[in-house]
Each structure stands twice: as structure tokens, then as C-alpha cells.
Amino acid sequence: MQATGLPAPDAEALAHSAHLIALLRETIAAHGPLPFSAYMERCLYAPGLGYYSAGSRKFGAHGDFVTSAELGPVFARCVAAALAPSLQVLGSGADWLELGGGSGAFAEHVLLALASRDALPARYRMLEPSAELRERQQVRLREHLPENLFARLSWIDRPPEQGWRGVLFANEVIDALPATRFTLRDGEVFEEYVTLDGAGAFVRQDRPADALTAQAVRHLEQRLGRPLDDGYRSELLPQLPYWMQAVAGTLQQGLALFVDYGYPRAEYYQPQRHGGTLRAFYRQRVHEDVFFHPGLQDLTASVDFSALAEAGAAAGLDLAAYVPQGRFLQAAGIAQAHAEAAAGQDDAGIYALAQEIKRLMLPEAMGERFQAMLFTRGMAAAPLPAELLLADRRARL
């Protein structure tokens, strides 16, 4: 089961993964092959066993991957600069809702930045279903934030059910939604499942797609204006419109900002990308073995931003801007954010900030691979940076 070139987990981690493997095997034995989306959901979110539900360190240099928010304070300062004027327009009763808080680093830095701009939300809510991550976030934020800022924080495990005003923010969330894998054979749509071979190892199996998946693939082909080739394999999120309605449906007035890696539809489903975008992250390494020690690695697929724009429209949101992360940060004043963060730093701190800026901005790093999509609702004239609106690339969607 050891993937070539990847470091071996320790005995405790192996035992943890073995529990999840046993659960997956029992499920398949009892109910038959699992749709890949169900396999991915259990690997990431099974209570107490899934990657995001258990206790391993995931974020930062000592984890499995690094997000923009984990690099340092600059990313959060830029988001605060871009959205603070809108928060001020929304007034003192506005909230901030962050989907998935990671280590808590973003909440820490953005609250400090919003305080400096006199644009604090009435409440900062973190939708974090993982009890383990919630505890880590609380420990960090209690230690790093002034008491008056920490008092604005609250944690929820499901989207708000009552109407609210403010900002919805999600950084690298959609790529972790369980993806449906599909392929085409003689023009028919098949869905990828996970089953067991004679030795009990996980293997892929293609089965005729159900109506929802087949319809989603036909919609994709219609939007592309061409049929997908036989043998073409990729992924999509048929549940995305329902997920968007669930997380943003009660936002009555405000903004929703999604930052993630991905492409517009025409680039996502290029003929040469015939194997899809599914991959795994393990100890700062990217690889393709999604069966490597379930529960110990992140599984992810790139975001189809055209589909995200459609899901936002279906949920009643207005698309305000779609730009590469680098252009978003530039429009939000990254030079000023860097200068503010550098004040009083020693040489080591200055160097760390320079490395952070490079990773955030360089096209081959995060500057072009990551995209920012901003929606509004009930704010026809949201006070957004002019350069952000000028850089809008929605025509590519």
C-alpha cells in the first residue's frame, strides 16, 4: 500500500488508517461498491477517522499542504482591505462567516486588520464541523487575539438557518467537496466506484451512471459545445448548486468571496486533461494514489469556476468579479499590506514576508493557479476596489 517516494507513516498513524480501511471494507462488503464521491467523503470526513475529522496536523510547513492564509498575515490583510468598505456600508450588525477555519490563522489576521480599519463585524462565525480543528482554532485565537476580538468569535457546525447580513468567506473549501468521477464509453456515461479486489485492496470500477450524474455530464457537454471523447475521465460536483444554496441561501445582504485553485470550464475540461484533476496531498507532496493510507492524506480536485458562477446565480447571488489571486491581491493593495506587516520586523521577518509575497503572487506559484470569485447580494453598488473590477475575467467563464 506504500506509494513510491512517500514517507512511511508512524505506527500510530498506520493504526488510525487501519480503522478507516476496516470501516470502508465493511461498508463495501455490506452494501456493494461505493461511488468515488462517497469514498472521498468518508476519507475526509468520517467522524473521528476522516482526514479533516481526526487529529493529525494538516496545515502549514509541518503539515500536508500550505494555504494562502497559512503563509502569513498578508493574504488576510488584503482580503480585509478589499471588503472593509463593504462591511462599513452594511453597518454595525454585519457578520463574517468563514467556512472551514483551517488553523485559525486567517481569522486571527483578518480580525486584527479589520479592527485597524474600524470595520469589525458584530460576530465572526466559523463554520467548522471538525471538533478537533475547532478546538485547535479556539486555542490559537484565544492566545493570539485581544479579549475584545476573541469575544466576537463563535463556532457553528452547520450553515445559519436565519437570515443574516455580512461577508461569507471560503478559502480552499470547494476543492475538498466530495467529487463525482465519471468517464465515457461508447457515448454512454459511467461513474467511477471503489470496490475490493480478491486481496481486499481498493480498486476502481466503472458502473453506468445514475440519472443525476448522467444529466450533469450532458449539461457539461452542452456548455462546452462539444461531446467529450470516449475514455475521457474527469470529475464534477453535481451537488454544487445545492451546497451553495445551503451555505449562502440565508445571506440577505452582503458579499461572498471564494478563493481556490481551478479553471473556467473550457480550460478544466480540455481534451488533453483526460485524467481529470484529482490528486492527494501528503506531507507537502502531491501524488495520484488516492488509496494511499486513507484518512492520512488530503484528497482534492480543482474547481470548475464556471460551475461555481452558475451555482451562485442559482442561489440568487450576483457575480461581481472573477480574477486570478495575484490580481485580486494587487487590487486589494498588497504593497501596503506588505509594508504594514514589515513594520518593526527583523531581517528574518522581512525575508519571510518576501517569500510569502512570492508564493502568493508569482504565476507559477499561487498567483495564477488560484482564482478569486466574488459575489454580492443586495449591494448593487458595493464599494469594491476599482482595479479589481477592471481586472474581471468573467468573459472567460
Side-chain angles (χ1 to χ4, degrees), residues 57-85 98 100-117 119 136-137 140-141 143-146 149 169-173 175 257-262 281-286 298 300 302 321 323-374 384-388 390-391 393:
R57 186 167 184 177
K58 303 155 184 66
F59 310 99
H62 300 290
D64 297 304
F65 55 88
V66 178
T67 70
S68 298
E70 306 295 330
L71 291 172
V74 173
F75 177 77
R77 285 176 179 266
C78 288
V79 172
L83 303 188
E98 182 180 358
S103 70
F106 179 83
E108 172 193 338
H109 296 308
V110 82
L111 277 168
L112 291 169
L114 291 171
S116 72
R117 294 176 177 275
R136 292 192 184 201
Q137 293 158 7
R140 174 183 181 135
L141 293 168
E143 179 181 346
H144 288 85
L145 286 177
L149 295 187
F169 175 74
N171 181 54
E172 292 194 52
V173 170
D175 66 84
L257 175 61
F258 298 88
V259 182
D260 224 313
Y261 43 85
F281 286 82
Y282 178 73
R283 297 191 188 177
Q284 305 298 324
R285 294 164 173 84
V286 184
D298 188 23
T300 176
S302 296
V323 296
Q325 176 177 286
R327 295 297 299 273
F328 174 85
L329 297 176
Q330 185 178 9
I334 192 170
Q336 180 179 347
H338 175 250
E340 292 170 353
Q345 293 279 357
D346 58 16
D347 289 346
I350 296 294
Y351 176 79
L353 280 171
Q355 297 307 303
E356 179 183 355
I357 297 292
K358 287 181 179 179
R359 291 194 66 176
L360 290 172
M361 296 293 290
L362 287 177
E364 62 272 21
M366 294 178 168
E368 283 283 341
R369 291 194 303 110
F370 282 69
Q371 311 288 308
M373 182 166 278
L374 181 64
L384 300 170
E387 189 176 343
L388 174 62
L390 290 172
R393 292 187 180 180

Run the side-chain contact (heavy atoms from CB on, under 4.5 Å) test against [X] and tell me which residues pass, sequence neighbours left out.
X    : answer
L390 : none
A372 : L257, V259, V323, F328
A342 : I350, L353
A354 : none

Kindly write out the residues that satisfy salt bridge (charged side-chain N to carboxylate O under 4.0 Å, His left out) with E108, not counting sequence neighbours, or none if the list is empty.
R140
Partners passing salt bridge (charged side-chain N to carboxylate O under 4.0 Å, His left out) against R117 (at least two apart in sequence or in another chain):
none
Check [X] against [Y] and note the closest heavy-atom contact, atom names and distance.
X    : Y    : answer
L384 : A82  : CD2-O, 4.2 Å
P385 : A331 : CB-O, 3.5 Å
G262 : S302 : CA-CB, 3.9 Å
A81  : A332 : CB-O, 3.4 Å

Can you pull the side chain to side chain donor-acceptor pair (under 3.5 Å) pairs that have at least one residue in residues 324-342, sequence neighbours excluded?
S68-Q325, R77-E340, Q336-E340
Quick test of your reading: applying side chain to side chain donor-acceptor pair (under 3.5 Å), list the pairs with at least one residue in residues 343-354, sequence neighbours left out, ordered by first then second residue.
none
A side-chain contact here means heavy atoms from C-beta on lying under 4.5 Å apart; do [X] and [Y] qualify?
X    : Y    : answer
F258 : V173 : no
L83  : V110 : no
F370 : E172 : yes

From [atom1] ([X]) to [atom2] ([Y]), nearest 0.5 Å:
X    : Y    : atom1 : atom2 : answer
L71  : Q355 : CG    : CD    : 10.5 Å
H109 : L114 : NE2   : CG    : 13.0 Å
I357 : F75  : CD1   : CZ    : 12.0 Å
M373 : R393 : CE    : CZ    : 12.5 Å

Is there a side-chain contact (heavy atoms from CB on, under 4.5 Å) between L141 and L111? Walk through the geometry before answering.
CA-CA 10 Å; L141 293 168; L111 277 168; 5.8 Å; no
Of the options E356, M361, R359, which is the one that meets V74 in a side-chain contact (heavy atoms from CB on, under 4.5 Å)?
E356
T300 meets the side-chain hydrogen bond (donor to acceptor under 3.5 Å, both in side chains) criterion, sequence neighbours left out, with D175, Y261
Criterion side-chain hydrogen bond (donor to acceptor under 3.5 Å, both in side chains) against S103, the qualifying member of R136, E70, Q137
E70
